[in-house]
Amino acid sequence: MGIKGIYGEIGAGERIALAKLATDKFVETGRPLRIAVDISIWQFQVQCGKGGSNPALRTLYYRFLRLLSLSIQPLFVFDGAHKPPFKRDRRTRTTTYSLPNFLTKQLLQLFGFPFVVAPGEAEAECALLQREGIVDAVLSEDVDTLMFGCERSMRNWSSESVRGDAATHVSVYDASKIAAGASGLDREGMVLVALMSGGDYIPAGVPGCGIKVACEAARAGFGKSLFSLSKTDAAGFRAWRGNLAHELHSNDSKYFRVKHKSLQLPETFPNQEVLGYYTHPVISSAERVERLKNELHWDREVDIPSLRVFVAEAFEWQYKSGAIKFIRGLAPALLVWKLRTRGAAATVHEGVVSSKTGEERVVRSLCGRRTHFSNDGIPEVRIEHVPIDIVGLNLDTEEQENRPVDAFGVEACPPLEHEVVEDDGVPTTLTTNGKRSIYDPTKPQRVWIGEPYVRVGVPLMFRDWEESLRNKSRSKSESASAKTARKGQKKQRAVNGGMKAGALDPFVKVMKPGMGLDRAGAVSGVAQPPPLLSEPLSPTSSKAKGRVPEKTRQPIQQINHN
DNA sequence: TACACCACCCAAAGT
DNA sequence: TCTTATGGGTGGTGTA
Ligand SMILES: [Mg+2]
């Protein structure tokens with residue numbers, strides 16, 4: 001549904017990078033950000049995908065990969081059977097050209113993402129999941145969840161740059177902030193606005209009443225008083241409606257900017273059925289909620305072999321070339337997951353978590369640190385890894401592609417421009433501008449990863465790395481001290497990357513009684529993880545014009561693997 | 001001048 | 001038969 005013009009009242013929301021929301025939550029609580037995702041947010045966006053087979057599903061696939069890379073734990077919510085009958089669903093045809101439900105659920109399963117089918121509407125269920133603390137926030141297509149009591153709602157997961165590249169940011173709405181803001185809209189107020197000014201599918205709205213007048217009525221408290229009425233209190237409803245009509249027509253209490261003589265409240269206003277839909281939506285029972293709290297498994301592994309088969313069939317990513325596409329997308333996402341969850345594999349010896357947590361199996365080296373504007377300046381580290389080792393596929397077992405040849409032995413179906421081909425044994429992607437980008441999954445590749453995920457457990461690699469940084473900055477500042485002091489300070493900060501000298505120790509987490517490793521592999525029972533930075537990060541303002549230079553670019557530093 | 005309402009356009013991203 | 005059909009943004013128009 002979505003109330004027309006609502007963002008003119010409650011504001012455009014706070015534009016925040018998902019990566020920042022995720023790492024902030026992780027640093028604060030030791031577990032990943034959990035969100036309920038109304039699956040219908042994709043229903044139209046993904047249809048823009050073109051080319052290849054199942055482009056809509058493929059777009060969904062890339063969003064799932066992104067969620068994995070962000071270390072966000074999503075819980076997907078589908079619409080259920082008991083959607084309110086008045087809700088618009090005026091399809092003239094029975095066939096639907098949207099995402100095939102079965103394939104979507106299958107894909108979710110292969111990614112290890114949990115999903116539920118709501119009893120009624122997904123939005124209402126999402127709000128419940130958030131209020132119950134099962135998730136931290138809801139991602140849906142509008143802010144309607146606020147009318148179901150959701151406290152933190154997100155929408156519009158999209159790019160922030162003008163060029164419109166990768167989708168990084170969401171618009172975040174806090175119910176408490178909205179209520180305290182200029183609009184003063186709370187849940188009850190928003191429902192009143194929906195009922196009065198409501199769209200095509202809310203029957204018996206008030207004709208000629210738009211969002212402005214409805215908001216004035218909400219600020220006057222008509223939403224609150226409406227919610228306090230008992231369903232059976234017919235006299236109460238009549239009195240409520242009479243009061244509202246009187247104020248609209250006379251403006252005696254000066255609730256409104258001007259009188260609204262011509263507005264007529266329909267006899268059936270407010271529609272009981274619609275009101276009940278907001279006050280008592282069809283949602284999961286307390287028992288079902290409790291079961292979810294106890295049984296939900298947030299960190300299921302990606303089913304790599306099955307997913308390989310899935311993409312081969314659904315996207316026609318067959319053969320070695322298809323496998324390379326598969327690896328290229330999956331490796332960075334899996335790497336983050338492996339780093340974050342590797343704490344679970346750590347051994348505890350004499351109260352200290354062992355440093356043998358497996359990072360040496362997936363990380364070749366650390367080769368940089370940055371705070372980049374596209375992620376709202378969260379600290380990231382650059383990790384060199386070998387994609388094929390992360391994903392663990394054997395390229396040689398992939399079926400050999402046999403392109404048809406004509407009678408002269410000439411390839412009848414040469415590869416399309418964008419296809420991955422073998423070029424002297426090197427997998428090469430042909431792009432439309434004639435360039436060739438080389439991606440070899442057996443060769444080391446680099447990827448930026450949120451620093452907190454790399455620091456799970458006791459990453460031994462940081463010791464060598466930071467030690468070398470300290471040495472470097474010492475010698476640099478010594479040599480620079482003869483020059484401008486201010487410049488020298490700047491230099492040191494740049495080299496140090498904002499890392500506090502001696503900040504190493506806090507990352508060696510000492511196990512104490514009552515602590516444990518949760519399913520995410522993070523040490524639980526830690527009151528407050530140490531700050532990762534000694535100073536504020538680079539601009540978080542998404543409106544910052546132009547590129548913010550990367551704070552640091554460290555030279556490649558090999559880990560001592562032994 | 002503020003507001004409601006309407007018609008129209010757009011959405012993803014290594015294909 | 002614009003295959004179907006959403007929310008949101010924008011710019012134009014009518015009205016009190
Ligand atoms: Mg909605």
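A quick note: this is a predicted structure, and the numbers were derived from the prediction, not measured.
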Aromatic plane relationship, A:Tyr173 with A:Tyr7 - under 30° parallel, 30 to 60° tilted, over 60° perpendicular: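 A:Tyr7 vs A:Tyr173 ring planes: tilted.
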Looking only at the side chain of [X] (C-beta and beyond, no hydrogens), which of the listed nucleotides [options] gets closest?
| X | options | result |
| --- | --- | --- |
| A:Asp142 | B:dA12, C:dG7, B:dG14 | C:dG7 |
| A:Lys212 | C:dG9, C:dT6, B:dA4 | B:dA4 |
| A:Gln47 | B:dG14, C:dT4, C:dG7 | C:dT4 |
| A:Val213 | B:dA12, B:dA4, C:dG8 | B:dA4 |

Please work out if A:Gly49 contacts a base, only the sugar-phosphate, or nothing of the nucleic acid, heavy-atom cut-off 4.0 Å. base
What's the [atom1]-[atom2] distance between [X] and [N], to the nearest Å?
| X | N | atom1 | atom2 | value |
| --- | --- | --- | --- | --- |
| A:Phe44 | C:dG9 | CZ | P | 17 Å |
| A:Lys325 | B:dA13 | NZ | C1' | 13 Å |
| A:Tyr439 | B:dT15 | OH | P | 14 Å |
| A:Arg58 | B:dA13 | CZ | P | 11 Å |

Any side-chain N or O of [X] under 4.0 Å from OP1/OP2 of [N]?
| X | N | result |
| --- | --- | --- |
| A:Tyr7 | C:dG8 | yes |
| A:Tyr62 | B:dT15 | yes |
| A:Arg257 | B:dC3 | yes |
| A:Arg155 | C:dG9 | yes |
| A:Gln43 | C:dT6 | no |

Please confirm whether A:Tyr61 and A:Phe326 have ring centers closer than 6.0 angstrom.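 Ring centres of A:Phe326 and A:Tyr61 not closer than 6.0 Å.
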A:Phe64 ring center within less than 6.0 Å of A:Phe76 ring center: yes
Expected output: side-chain A:Asp79 to main-chain A:Ala122 donor-acceptor under 3.5 Å: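 Side chain of A:Asp79 to backbone of A:Ala122: a pair is present.
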What interatomic distance, in whole Å, is found between [atom1] of [M] and the corresponding atom of [N]?
| N | M | atom1 | answer |
| --- | --- | --- | --- |
| B:dC8 | C:dC2 | P | 15 Å |
| B:dA12 | C:dG9 | P | 14 Å |
| C:dT3 | B:dC9 | P | 15 Å |

A:Lys4 or A:Arg328, whichever maps to the more 5' nucleotide of DNA chain B: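 The residue mapped nearer the 5' terminus is A:Lys4.
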Walking DNA chain B from its 5' end, the first of A:Trp317 and A:Trp157 to be reached, judged by nearest nucleotide, is A:Trp157
A side-chain contact here means heavy atoms from C-beta on lying under 4.5 Å apart; do A:Val77 and A:Val37 qualify? no
